[in-house]
Amino acid sequence: MVRHAVRSASVAAGFSIIDQTRVITAASELARNAYVHGGGGNLTIHSARDEGRTGLRLTISDHGPGIPDLAAALTDGYSTGVGLGHGLGGARRLMDEFEVRTEPGAGTTIITTRWRR
């Protein structure tokens, strides 16, 4: 469901097929993390505008345990499960802006933006 919604929004925003794939891949990974580690969550998709640029902003929030060591979680190879450990760092590289707000016991919110080229 997340992949279809983000694909639809990225097409509507005028992204190239390559940038659509980047945004969809990042959204899929972040939504998976919210589901697996945060017990579920919410995704909000917004159009972004700044100084003549247009893009897509995704906000993914959960109410899980938070990320105890954010620096480690953003490092390639770090995994709390069976994955390869490219999740957060990989999603960050696919997007232009990436902000993580996390608090132990209060969940995590990630706000990420991709600008149209």
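- Here the straight-line distance linking atom NE2 of His46 with atom CG of Leu56 works out to 10.0 Å at 0.5 Å rounding.
- Other residues sharing the hydrophobic cluster of Ile18, ordered by chain and number and joined by side-chain separations under 4.5 Å: Ile17.
- With sequence neighbours left out, Glu97 forms a side chain to side chain donor-acceptor pair (under 3.5 Å) with Trp115.
- With sequence neighbours left out, the side chain to side chain donor-acceptor pair (under 3.5 Å) criterion links Thr112 to no other residue.
- Rounding to the nearest 0.5 angstrom, the gap separating the CZ atom in Arg116 from the CZ atom in Phe15 is 8.0 Å.
- Listed by chain and residue number, nothing satisfies the salt bridge (Lys or Arg N to Asp or Glu O under 4.0 Å) test with Arg7 (two or more places apart in sequence, or in another chain).
- In this structure, Glu103 has no salt bridge (Lys or Arg N to Asp or Glu O under 4.0 Å) partners at least two apart in sequence or on a different chain.
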Would you sort out whether Val6 and Leu43 count as a side-chain contact (heavy atoms from CB on, under 4.5 Å), showing the intermediate values?
CA-CA 10 Å; Val6 173; Leu43 166 68; 4.0 Å; yes
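- Ala26 pairs by the side-chain contact (heavy atoms from CB on, under 4.5 Å) definition with Ala91, Leu94, Met95, not counting sequence neighbours.
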Report the C-alpha distance between Glu29 and Thr25 in whole Å, list the side-chain angles of each, state the deciding distance to 0.1 Å, and finish with yes or no for side-chain contact (heavy atoms from CB on, under 4.5 Å).
CA-CA 6 Å; Glu29 180 58 35; Thr25 301; 5.8 Å; no
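- One finds the CD1 atom of Ile111 at 8.0 Å from the OG1 atom of Thr113 (value rounded to the nearest 0.5 Å).
- The hydrophobic cluster around Val36 extends to Tyr35, counting ILVMFWY residues whose side-chain heavy atoms fall within less than 4.5 Å of a member.
- Pairs engaging residues 40-50 under the salt bridge (Lys or Arg N to Asp or Glu O under 4.0 Å) rule: Asp50-Arg53 [sequence neighbours left out].
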From CA spacing to verdict: side-chain contact (heavy atoms from CB on, under 4.5 Å), Leu30, Phe98
CA-CA 11 Å; Leu30 295 172; Phe98 196 86; 4.2 Å; yes
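- In this structure, the side chain to side chain donor-acceptor pair (under 3.5 Å) partners of Arg117, at least two apart in sequence or on a different chain, are Asp96.
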Contacts table for residues 59-68: side-chain donor-acceptor under 3.5 angstrom, sequence neighbours left out:
unit_1	atom_1	unit_2	atom_2	d
Ser61	OG	Thr109	OG1	3.0
Asp62	OD1	Gly64	N	2.9
Asp62	OD1	Thr108	N	3.2

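- Each salt bridge (Lys or Arg N to Asp or Glu O under 4.0 Å) pair with one or both residues in residues 16-25, not counting sequence neighbours, appears once here: Asp19-Arg22, Asp19-Arg114.
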